[in-house]
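Since the structure is predicted, the reported quantities are computational estimates derived from the model, not experimental observations.
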Amino acid sequence: MKYKRQKKLKSILRAYKHLGYETPFKLVLDGTFTMAALQNKVNLSVQIASYFGVPECSPDALQLCTTKCVLKELEKLGSYFYGALHILKQFTVVQCAHPRKKLKPAVVCLSRMTEGGEKYIFASQDKTLQEVVEKKQMPLLYLHSATLVLKKPTFVDSQREMHKVDLDSEELKSLQSLKSKEGLPDGQPLNPLFEKRREKLLKKLERKKKEKLLAKKKQKLSVNNEIKSKAEDEQPKSRSRKRKSRHLVKKLTASKSTSNFQTET
């Protein structure tokens with residue numbers, strides 16, 4: 001996994017840690033998620049473990065789970081979903097939030113599980129279930145083609161926005177007073193020298209980029225020219241020589257034959 005994705009995942013898990021999500025993580029999978037994994041050739045037990053940075057098949061760090069309702073729904077849907085059913089049967093079956101005797105659709109069953117006190121991570125491609133999980137501020141894992149993605153929590157963005165608003169309301173007066181002391185208008189920045197240096201640095205970076213591109217182009221041209229020259233040198237020049245020599249041999253043979261004829265006469 002790339003460094004940026006790993007960093008993003010760590011920040012998301014850190015945010016959920018404040019809500020009580022700790023190892024071992026309990027990840028509940030449904031039929032839509034497993035079906036998408038099958039279609040995109042994703043090995044769930046291996047890739048989920050590597051995504052969360054956990055050793056493979058370690059119940060102390062990560063537990064892959066499902067419910068009885070999910071399994072029964074896949075059985076009823078028929079042979080097309082047999083592969084997804086076979087994969088889900090490998091994982092541990094968790095108790096449903098509703099009574100055991102009454103089997104319900106997978107979406108209803110898993111949405112009821114969000115109401116309980118257990119800290120589950122839900123893995124689903126179903127939009128209705130995804131909306132329910134987001135409203136309950138619970139972690140949601142989904143597949144974007146063949147890549148696993150843990151959705152960013154909405155409460156983090158709302159907290160940041162609130163913090164920004166508080167800062168603006170508190171510090172506006174102090175900023176305005178600083179500007180008035182330094183004799184700067186409202187539109188002008190507090191540090192004009194910093195901006196000038198920044199502009200110079202940006203220009204230097206642009207120049208360096210252009211120089212690198214030109215150098216690369218020159219290298220390519222020189223390589224192409226060398227290849228062409230080698231190809232021209234390797235071309236067989238002996239043919240032209242052979243042709244010339246053959247032509248001379250014919251002339252010599254003709255002159256010899258004439259000389260012999262003259263001597264005989």
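Using a 4.5 Å heavy-atom threshold, the side chains of Arg5 and Tyr51 count as touching. By the 4.5 Å heavy-atom criterion applied to side chains, Pro139 and Leu150 are counted as neighbours. The shortest side-chain heavy-atom distance between Leu27 and Phe52 falls under the 4.5 Å cut-off. Residues Leu129 and Ser124 are in side-chain contact: their nearest non-hydrogen atoms beyond the backbone lie under 4.5 Å apart. Two residues are said to be in side-chain contact when any heavy atoms from C-beta on lie closer than 4.5 Å; Lys119 and Lys26 fail this criterion. Taking the side chain as every heavy atom from C-beta outward, Val94 and Met113 approach each other to under 4.5 Å. A heavy-atom distance below 4.5 Å is not found between the side chains of Val28 and Ile121. Looking at heavy atoms from C-beta onward, Leu85 lies out of side-chain contact with Phe81 at the 4.5 angstrom threshold.
Here the closest heavy-atom approach between residue Leu29 and residue Val70 is recorded as O-CG1, 4.3 Å. When all heavy atoms of Thr34 and Ala84 are compared, the closest pair comes out as OG1-CB, 3.5 Å. Between Leu140 and Gln130, the shortest heavy-atom distance links the atoms CD2-CG, 3.4 Å. Contact record, Leu103 with His98: CA-CE1, 4.5 Å, taken as the closest heavy-atom pair. Scanning both residues, Ser45 and Leu64, for their nearest heavy atoms gives CA-CD1, 3.9 Å. Contact detail for Met138 and Tyr120: the closest heavy-atom pair is CE-O, 3.9 Å.
Without hydrogens or angle criteria, Thr147 side chain to Leu143 main chain gives no donor-acceptor distance under 3.5 Å. Although no hydrogens or angles enter the test, the distance criterion places no donor-acceptor pair under 3.5 Å between the side chain of Asn40 and the main chain of Val42.
In this structure, Tyr80 is a member of the same hydrophobic cluster as Leu74, with clusters built from ILVMFWY side-chain heavy atoms closer than 4.5 Å. Grouping the Ile, Leu, Val, Met, Phe, Trp and Tyr side chains by contacts below 4.5 angstrom, directly or via other members, places Tyr142 apart from Leu13. A continuous path of ILVMFWY side-chain contacts below 4.5 Å connects Tyr21 to Leu110, so both sit in one hydrophobic cluster. The cluster map of Ile, Leu, Val, Met, Phe, Trp and Tyr, joined by side-chain heavy atoms under 4.5 Å apart, puts Val149 and Leu141 in different clusters. Residue Leu213 is not grouped with residue Leu205 when hydrophobic side chains (ILVMFWY) are merged at heavy-atom distances under 4.5 angstrom, including chains of intermediate members.
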Worksheet item: Could you walk me through whether Thr66 and Phe33 pass the side chain to side chain contact (heavy atoms under 4.5 Å, CB included) check?
Response: CA-CA 11 Å; Thr66 189; Phe33 187 80; over 6 Å; no
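If you take CD on Gln6 and OG on Ser11, they are separated by 11.5 Å, rounding to the nearest 0.5 Å. In this structure, the separation between CG on Asp30 and SG on Cys69 is 12.5 Å, given to the nearest 0.5 Å. Note that NZ of Lys104 is 9.0 Å distant from OG of Ser111, once rounded to the nearest 0.5 Å. Note: Glu211 CD to Lys218 NZ = 9.5 Å, rounded to the nearest 0.5 Å. In this structure, the separation between OH on Tyr82 and NZ on Lys89 is 6.5 Å, given to the nearest 0.5 Å. Rounding to the nearest 0.5 Å gives a distance of 12.0 Å between OG1 of Thr67 and NZ of Lys72.
A 6.0 Å sphere centred on CD of Glu134 holds more than 12 heavy atoms belonging to other residues, nucleotides or ligands.
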